Amino acid sequence: MNNEQVRITAERAAPDRGVVEAFAAGLRGGVLWPGAAGYDEARRVWNGMIDRWPALIARCAGAADVAAAVRFARAHGLLVAVRGGGHHVAGSAVCDGGLVIDLSGMQGIRVDPAAGTVRAEAGATWGELDRATQTWGLATPGGVVSDTGIAGLTLGGGLGWLRRKHGLAIDNLLAVEIVTADGRLRRASAREEPDLFWAVRGGGGNFGVVTAFEYRLHPVGPEVMFCFVFYPARVAGAALRFFQGYCAGAPDEVSAFAILGTVPAAPLFPADAHGADFVLFAACHAGPVEEGARALQPLRELGAPLADLSAPMPFVEVQATFDADYPAGELRYYWKSRYLDALSDAAIDRLLALAAERPSPLSTVDIWQLGGAMSRVGAGDTAFGRRDAPFLLGVEANWAAPAEDERNIAWARRACAAMAPFATARSYPNLEAGEGLARAAYGANYDRLVALKRRYDPANLFRLNQNLAPS
Ligand SMILES: Cc1cc2nc3c(=O)[nH]c(=O)nc-3n(C[C@H](O)[C@H](O)[C@H](O)COP(=O)(O)OP(=O)(O)OC[C@H]3O[C@@H](n4cnc5c(N)ncnc54)[C@H](O)[C@@H]3O)c2cc1C
């Protein structure tokens, strides 16, 4: 179908105009449909490969709007997509022909420094949340790119620079306000609706539309030691072997990555390295700067680096280090993930070979160091799928030309499959473009999640996600 046909199909999927107008009149935000001013902008998400045309976009201004939108979707049998920050690689924040419940206008943030908590509406991004909390020298674990939404990232677990010191985002979640499929606004916490609270901590968007999150805060920074050192690919094997040993002995304050990629033509790298492959160590130390400098120093002593940008840095800057690598709307993205049981010599050799086959210089192979605080929470205490793995592998296909889609997607799938001997089948749903992975992602928590899905969303209204089918 061409764009015009898609637009007409989207329009036809909507209820009669009079019905839509009555719905719109009842919202404090507004409603957009194909052709309306702002519609095209509002249907775009971070992944430039996603081009979907919803029949309606409800731009919610508060929880009452969200509840009205959920009831409207049910009454008219509309497919529902929920948009927080719009960053999921699968583009599940937007749908063809249904209703998008768009929370991007809900960005209120209130820090309570005395209680050490923050309440944030579901359209906020990590950049905004960090800015508010860091004003008080406080932070809660989020992600490593500042324009991702707090909503999708938290509901899927939330891995960031504080994961080993303070756990996942969900480990610091105190409560959510959530509109369930019956249109009711509820509060879920350890005391109120504890089953629902268990399920939203890792179970993604399966259980309703969260309108606000309340997190515990910790003193962090405002300045922390950050390591960001690039080495040439010829030392990558030795570097990854070193990384595995370093990670085994690192204190909880350190959360590190090893990343295989291609040197961009930027002045900070020697000109003769442009276009060659690199291995990058990126690590944050969430404690005093001098202690951090000592703890991260070994990562900086593997021979002559291509570039070493390590320095004490404001935590909010650390949180934005990778932002420029992930422009919204411009690039096409397809990502996959697997928990690695170990970083053995054979696994390292395989990773290096797969990295060398990347069809796009923008693509990377990322190894996340796990462990520490996130691994000390019980496997069944939250719905999150796996906590005991020492590493998470992220295979990121990032490219620009539509004609290159097939080659890049095939590489990401092949690379992930080739790591099967070194990885459990479990993936991290937040970093997964694939579908139908829920059973494999949740392991022993899967059955309890499905039972709760049956209780809270028996008709599977919320199904554009890593779906837990109720039957
Ligand atoms: C550049 C980039 C960097 C990333 N870095 C990290 C990282 O460091 N750590 C990490 O853990 N993950 C990371 N991710 C993955 C990230 O966690 C997911 O993409 C997450 O879905 C982003 O949240 P969002 O609100 O922007 O997503 P959206 O695309 O808006 O939503 C994704 C899905 O989440 C659900 N959802 C969203 N909002 C709500 C809500 N309010 N109520 C109910 N369900 C909702 C819906 O099912 C929706 O389809 C990164 C992703 C990108 C693109």
Side-chain angles (χ1 to χ4, degrees), residues 44-48 50 52 60 63 66 69-70 80-95 100-104 106-107 120-127 129 141-163 168-170 176-181 188 199-200 202-213 255 257 282 284 318-329 331 333-335 337 364 366 368 370 374 384 392 394 396 398 428-433 435 438 456-457 461-468:
R44 271 191 213 115
V45 289
W46 166 79
N47 189 344
I50 306 297
R52 300 198 183 124
C60 298
V66 174
V70 167
V80 170
V82 181
R83 181 188 183 117
H87 264 59
H88 199 286
V89 67
S92 50
V94 66
C95 54
V100 173
I101 299 181
D102 180 355
L103 308 163
S104 58
M106 293 170 53
Q107 304 202 343
E121 286 189 305
T125 63
W126 284 107
L129 190 79
V144 303
V145 170
S146 75
D147 54 10
T148 46
I150 64 164
L153 192 140
T154 299
L155 294 169
L159 286 166
W161 289 118
L162 303 177
R163 59 189 178 272
L168 301 172
I170 49 169
V176 293
E177 288 156 37
I178 178 170
V179 176
T180 40
V200 297
N206 274 286
F207 298 92
V209 186
V210 174
T211 57
F213 296 83
S255 293
F257 285 95
C284 176
V318 172
Q319 289 286 79
T321 316
F322 289 118
D323 285 12
D325 296 334
Y326 300 103
L331 293 181
Y333 303 95
Y334 186 90
W335 295 356
S337 65
T364 57
D366 305 348
W368 300 60
L370 304 181
M374 66 165 282
F384 190 74
L392 173 70
E396 293 190 1
N398 310 325
Y428 175 38
N430 273 359
L431 296 179
E432 268 293 338
E435 286 173 0
Y456 286 102
D457 184 18
L461 183 68
F462 304 112
R463 61 178 174 276
L464 295 181
N465 42 44
Q466 284 296 349
N467 196 229
L468 297 156

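Nothing here was measured: the structure is a model prediction, and the numbers come from that model. Just so you know, ligand 1 is whichever comes first in the structure, and atom 1 is the first atom listed for that ligand.
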Trainee: Looking at T148, N47, V145, which one forms a side-chain contact (heavy atoms from CB on, under 4.5 Å) with Y326?
Mentor: V145
Trainee: Consider side-chain contact (heavy atoms from CB on, under 4.5 Å). Of V89, I50, V100, which one does V45 pass it with?
Mentor: I50
Trainee: Taking only heavy atoms of the protein into account, state which residues are under 4.0 angstrom from an atom of ligand 1, in chain and number order.
Mentor: W46, V82, R83, G84, G85, G86, H87, H88, S92, A93, L103, A122, G143, V144, V145, T148, G149, A151, G152, L153, L155, G158, L159, G205, G208, V209, V210, Y326, W335, W368, Y428, N430, L431, L464, N465
Trainee: Sequence neighbours excluded, which residues qualify as ring-ring contact (aromatic ring centres under 6.0 Å, His included) partners of F384?
Mentor: Y428
Trainee: For the pair L162 and S255, evaluate side chain to side chain contact (heavy atoms under 4.5 Å, CB included) and give the outcome as yes or no after the intermediate values.
Mentor: CA-CA 7 Å; L162 303 177; S255 293; over 6 Å; no
Trainee: Angle between ring planes, F257 versus W161, binned at 30° and 60°: parallel, tilted or perpendicular?
Mentor: perpendicular
Trainee: Decide yes or no on side chain to side chain contact (heavy atoms under 4.5 Å, CB included) for I150 and T125, but give the supporting numbers first.
Mentor: CA-CA 5 Å; I150 64 164; T125 63; 5.7 Å; no
